[in-house]
**Student:** 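Let me give you the structure first, and then I'll get to my questions.
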Number of protein chains: 2
Amino acid sequence: MTPEESTSAPAVIVGLNAVILAVTDEHPRVLTVSFPTGSPIEGGGRIEGAGGSAVRDGLPTGPLDPAGDRTLELALRRWVRAYAGIELGYVEQLYTFGDRFRDPRERSGGPRVISVAYLALVRESTIAGHLKARWRGVYEYLPWEDWREGVPGVLEGAIAPVLRQWLRGDREEAEDRRERAGVTFGLDGAPWNGERVLERYELLFETGLVAEASRDAGNATLRRAIGREMAFDHRRILATALGRLRGKIRYRPVVFELVPETFTLLQLQRTVEALAGVRLHKQNFRRLVDAGGLVEGTGLIEPRTGGRPAELFRFRREVLRERQAPGVGLPGAFRKGVDSSYTQS
Amino acid sequence: MTPEESTSAPAVIVGLNAVILAVTDEHPRVLTVSFPTGSPIEGGGRIEGAGGSAVRDGLPTGPLDPAGDRTLELALRRWVRAYAGIELGYVEQLYTFGDRFRDPRERSGGPRVISVAYLALVRESTIAGHLKARWRGVYEYLPWEDWREGVPGVLEGAIAPVLRQWLRGDREEAEDRRERAGVTFGLDGAPWNGERVLERYELLFETGLVAEASRDAGNATLRRAIGREMAFDHRRILATALGRLRGKIRYRPVVFELVPETFTLLQLQRTVEALAGVRLHKQNFRRLVDAGGLVEGTGLIEPRTGGRPAELFRFRREVLRERQAPGVGLPGAFRKGVDSSYTQS
DNA sequence: CTCAGTTATACTCATTATGAGTATAACGGG
DNA sequence: CCCGTTATACTCATAATGAGTATAACTGAG
């Protein structure tokens, strides 16, 4: 009854998934590879990339060498270095995905596949197309998460109507569904919480609004395929990563993993906005990071701003010792939560 | 190079670990089982408990049934129900531990053991000794984490001196070490951050201040065994759990998983204090949860308080829809961090 | 019955953080 | 030299936090 006993265990395979993120041109990007969609063998996608005709995007996936790799994280760094030529900096374990049939070949007798997913952040400059791996916009996959230009069209147009119908669909669970829709999507005047990315994706999955839902036999029929599809459960993993990063940015100085050594404050702000998916108040952002001790001026000037030249700043490491939770404080730190009125029905 | 390919994989075993926490008598408790320490086969501890002579505490550990269990979490719930008779309520995945040799039998050819650890919270009332499982105080294992009665003696007495020596031990890394000691233990006037439980445990491990350090061949000699030892890397898992819970309590109403349906505000406060390891300001705590909409009065009175009778409150679910991050806000929410002057050398 | 000890609960006040502006500076391009 | 654009310095109202003061309502000792 313990792993220490069951030496003659059934087939389980442990894999590693990497969500490698960068921000370029004010867009968050994720490193993807292509997986052939040939059935019944669905997967196969190696990091070297596409094979046959129909392909599907997916996350780089690698093995654990049980005999060689000292730790899971080192295993990840090893094969990302070997196959994508990227030396990862910031790496953090995300979540372990182990649902049955997450690899469709399990249905036809394949082994159970457990995947330990990691989040890695790389700098703009590291972005160099390599082999068959390709950078893609995170919001291509999760378009309802980008509020920088206002309420995402797909939210009002496609998601909200279906959710409202779903609310009324079940008499008994009506209250639970109302609460869930409110909390995750801010329906009915509840606040939109940028961090609940995973919960939103899962609700869309359940209500048949993402293509992945139709691949799962038992699930409701597909109403609409919102956002770009991914192989396996990789979009779920991506959603987990974005949600985690949005949360972390508030209380840990992780943004600095994504910008160059020195940067203007607007560059930094745009990077945060890209991840958070919302626009920030410029003067307050400056006050937060400058007076808050997160950055320090270098005295150097970046002249090509399109307007008045800006000072270049750098991350101030000492803040780690000075403050408990140094982060950039997204809107909503006020307890009362903003009113997202897009759904006031 | 992907899990999808390596069907003929080497031996990897996936286990599940449960950190089951409750708070009784104002002390956080963890459910433990006994593992025999017989070498060279170190482990073996089943949930039914102790075997031979020398035993070591550990966390309940169970298997994943690759063919039967639909999800990892359901697998966990299943065997905790089956072997400990506890029906888990709140469950959350913690972290996946996969370092080589975390099961010492790997050194003698045993399979690589990957453990997915979960955090579960149960109510006071659920605590009923069952089989050989036993509740133990969390701070027996991590005594430096409890600041409710002031600075823990072991910090000033045993830890700080060794850390100061460690600081000076290496010329080249001096600055890194200073930063690390400051951030994790609040040395030299840096603030103490209650959430960095894991980082503290790992620093103690590296400096040879916990018994587990001496079990690892390559590590420094044991200077002192602070806190109660655990089997395998279970104390590291426990530290992960406490740190995660302390963080979560700030922005999610998880405390309510640990108290009865109705409770007095002091009961609630003591529960939070037990987890956070610090004392809170009573009037402000009341304001936070009451005016903050986290709780609502029931009108009922609890007469046996030892003083004036208190009103019984209940969790107010609606807060989930109203606020973005409903939590109890531990001290240090102020950005400037408190000054922990215990180490002003 | 009174008083000390204990817990509950209502308020006050200073400080800090946040959200939203106003005002001015400094560049490039017509 | 005027305009659009970005940078940067301040102001102001409101909310959240930290630390008290002041009462209220019980128990038990004497």
Side-chain angles (χ1 to χ4, degrees), chain A residues 26 191 250-251 262-270 272-273 276 278-313 322-339, chain B residues 26 191 250-251 262-270 272-273 276 278-313 322-339:
Chain A
E26 309 185 4
R250 291 170 170 276
Y251 62 95
T262 66
F263 44 82
T264 70
L265 294 186
L266 187 58
Q267 264 183 283
L268 187 67
Q269 181 182 342
R270 293 288 182 238
V272 172
E273 288 174 340
V278 293
R279 289 257 167 254
L280 301 176
H281 184 283
K282 187 173 184 170
Q283 297 91 321
N284 289 347
F285 181 82
R286 158 181 294 269
R287 174 179 64 189
L288 190 74
V289 299
D290 193 5
L294 275 166
V295 300
E296 60 189 358
T298 61
L300 302 176
I301 297 295
E302 166 61 58
R304 296 163 307 157
T305 63
R308 172 175 164 179
E311 183 169 9
L312 285 166
F313 288 77
E322 297 165 0
R323 285 190 10 197
Q324 299 227 10
V328 295
L330 306 176
F334 261 4
R335 309 218 80 143
K336 291 295 178 187
V338 262
D339 189 353
Chain B
E26 308 185 3
R250 291 171 170 275
Y251 61 93
T262 66
F263 44 81
T264 69
L265 293 186
L266 187 57
Q267 263 183 285
L268 188 67
Q269 180 181 343
R270 294 287 182 237
V272 172
E273 288 174 340
V278 292
R279 290 258 167 251
L280 302 176
H281 184 282
K282 187 173 185 170
Q283 298 92 320
N284 289 347
F285 181 81
R286 157 179 295 267
R287 175 179 65 189
L288 189 74
V289 298
D290 193 3
L294 275 166
V295 299
E296 59 190 357
T298 61
L300 302 176
I301 298 295
E302 166 62 58
R304 294 162 310 157
T305 63
R308 172 175 165 179
E311 183 169 8
L312 286 165
F313 288 76
E322 298 165 359
R323 285 190 9 197
Q324 299 225 13
V328 295
L330 306 176
F334 261 6
R335 310 219 75 144
K336 291 294 179 187
V338 261
D339 188 354

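So you know, we letter chains A, B, ... as the sequences are listed, proteins then strands, and number each from 1.
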**Student:** Regarding A:L266, tell me which of base, sugar-phosphate or nothing describes its non-hydrogen contacts under 4.0 Å with the strands shown.
**Tutor:** sugar-phosphate
**Student:** Which whole-number value in Å describes the distance from A:E273 CD to D:dT6 C1'?
**Tutor:** 14 Å
**Student:** Starting at atom CG of A:L312, determine the distance to atom P of D:dA7, rounded to an integer number of angstrom.
**Tutor:** 11 Å
**Student:** Rounded to the nearest 0.5 Å, what separation is found between the OH atom of A:Y251 and the CZ atom of A:R323?
**Tutor:** 14.5 Å
**Student:** How long is the line joining CD of A:Q324 and P of C:dT16, in whole Å?
**Tutor:** 16 Å
**Student:** Rounded to the nearest 0.5 Å, what's the gap from CG on B:L265 to CG on B:L294? Could you check?
**Tutor:** 11.0 Å
**Student:** Return whichever of A:D290 or A:G306 has its heavy-atom-nearest nucleotide of DNA chain D closer to the 5' end.
**Tutor:** A:G306
**Student:** Take atom CZ of B:R304 and atom C1' of C:dT6, then tell me their distance rounded to the nearest Å.
**Tutor:** 16 Å
**Student:** Closest nucleotide of DNA chain C for A:H281 versus for B:N284: which of these residues is on the 5' side?
**Tutor:** B:N284
**Student:** Using every non-hydrogen atom in the two residues, find where B:A310 and B:T305 come nearest and quote the distance to one decimal.
**Tutor:** N-CG2, 3.7 Å
**Student:** When you measure only distances, ignoring hydrogens and angles, does the side chain of A:R308 come within 3.5 Å of the base of C:dG28 through a donor and an acceptor?
**Tutor:** no
**Student:** Distance check needed: C:dG19 P versus A:Q269 CD, whole Å only.
**Tutor:** 13 Å
**Student:** If you take atom types as modelled and just measure distance, does the side chain of B:Q283 reach the base of D:dT21 with a donor-acceptor pair under 3.5 Å?
**Tutor:** yes
**Student:** Between C:dA25 atom C1' and A:R286 atom CZ, what is the distance in whole Å?
**Tutor:** 12 Å
**Student:** Return the 5'-most residue of the pair A:R287, A:K282 with respect to DNA chain D, ranking by each residue's nearest nucleotide.
**Tutor:** A:K282
**Student:** Look up atom CD in A:Q269 and atom CZ in A:R279, then write down how far apart they are to the nearest 0.5 Å.
**Tutor:** 8.0 Å
**Student:** Which heavy-atom pair separates B:L268 from B:V289 by the least distance, and what is that distance?
**Tutor:** CD2-CG1, 4.3 Å
**Student:** Could you tell me the separation between the CG atom of B:L265 and the C1' atom of C:dT6, rounded to a whole number of Å?
**Tutor:** 17 Å
**Student:** Round to the nearest Å and state the distance from B:L280 atom CG to D:dG20 atom P.
**Tutor:** 15 Å
